[in-house]
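Worksheet: the structure to be examined is printed underneath.
Indexing begins at 1, ligand by ligand and atom by atom, following the structure's order. Counting begins at 1 with the first residue of the sequence.
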Amino acid sequence: MDSTITFTVNGQSRTVTTDPQRPLLDVLREDLKLTGTKYGCGEGQCRACTVLLNGKSVASCVTPVRDADKQTVLTIEGLAQGSQLHPVQAAFLEEGAYQCGYCTPGMIMGVVGLLSEKPKPTEDDIKTRMQRHLCRCCGYPNLTKAIHRATALQQGK
Ligand code: FES
Ligand code: FES
């Protein structure tokens, strides 16, 4: 049976009436037309679909939309402030941390989540967190540079 779900997405209150078991990813992409969040494996294994739920990164393909009811979701579309890129977006651009770009929104949201939890991540923190994000183009070296750059930018360096 459908339920009415009301949640805040990228600072705006949104309401959908849908099957509460539907993946959050499907609701974001199909109902709210926020297609920046990507579908990769659909099984919680690649993290292409990463968004922040109450500030924590989650795989939206395996997160039922009912978990977002009355909660706050941030997607890649909500990061930049007008033409001002978020420091993590700027770092990815500066370090060329993408190739085809399919994994990039999920990677960026994963890094934003990591830095909000740990503003000064260690190498181990970065490795542990980011090893769950898969990049079929194997852009890992530049990705690592971008995370360090993002950490520095966030600290105003
Ligand atoms: S699409 Fe969600 S983890 Fe792969
Ligand atoms: S840049 Fe192509 S999948 Fe990561």
Salt bridge check, Glu94 against Lys145: does any charged N sit closer than 4.0 Å to a carboxylate O?
no
Please check if any side-chain donor atom of Asn10 sits under 3.5 Å from a side-chain acceptor atom of Glu77, or the reverse.
no
Starting from atom 3 (S) of ligand 1, locate the nearest protein heavy atom and write down its residue, its atom name and how far away it is, to 0.1 Å.
Arg47 N, 3.1 Å
Return the option from Met107, His133, Gln99, Arg136 holding the heavy atom at the smallest distance from atom 1 (S) of ligand 2.
Gln99
One finds that the ligand 1 atoms under 4.0 Å from a non-hydrogen atom of Gly44 are 3 (S)
Decide salt bridge (Lys or Arg N to Asp or Glu O under 4.0 Å) for Asp31 and Arg22; before the verdict, give the C-alpha distance in whole Å, the side-chain angles of both, and the deciding distance to 0.1 Å.
CA-CA 11 Å; Asp31 299 25; Arg22 257 178 95 204; 2.9 Å; yes
Please identify which atoms of ligand 1 are closer than 4.0 Å to at least one heavy atom of Cys49.
1 (S), 2 (Fe), 3 (S)
2.8 Å cut-off met by an N, O or S atom of Cys103 to atom 4 (Fe) of ligand 2
yes
Keeping Asp69 on the side-chain end and Thr6 on the backbone end, is there a donor-acceptor pair under 3.5 Å?
yes
Which atoms of ligand 1 are found less than 4.0 Å from any heavy atom of Gln45?
3 (S)
Just which atoms of ligand 2 are under 4.0 Å from any heavy atom in Gly101?
1 (S), 2 (Fe)
Need the ligand 1 atom indices (1-based, order shown) with element for anything under 4.0 Å from a heavy-atom of Gly40.
1 (S)
Assess, by modelled atom type and distance only, whether the side chains of Thr17 and Thr4 contain a donor and an acceptor separated by less than 3.5 Å.
yes
Nearest-0.5 Å distance that lies between atom NE2 in His148 and atom CG in Leu153:
13.0 Å
Which atoms of ligand 1 sit under 4.0 Å from any heavy atom of Cys46?
1 (S), 3 (S), 4 (Fe)
N, O or S of Cys100 under 2.8 Å from atom 4 (Fe) of ligand 2
no
Result of checking Lys118, Glu117, Met130 against Asp125 for side chain to side chain contact (heavy atoms under 4.5 Å, CB included):
Lys118
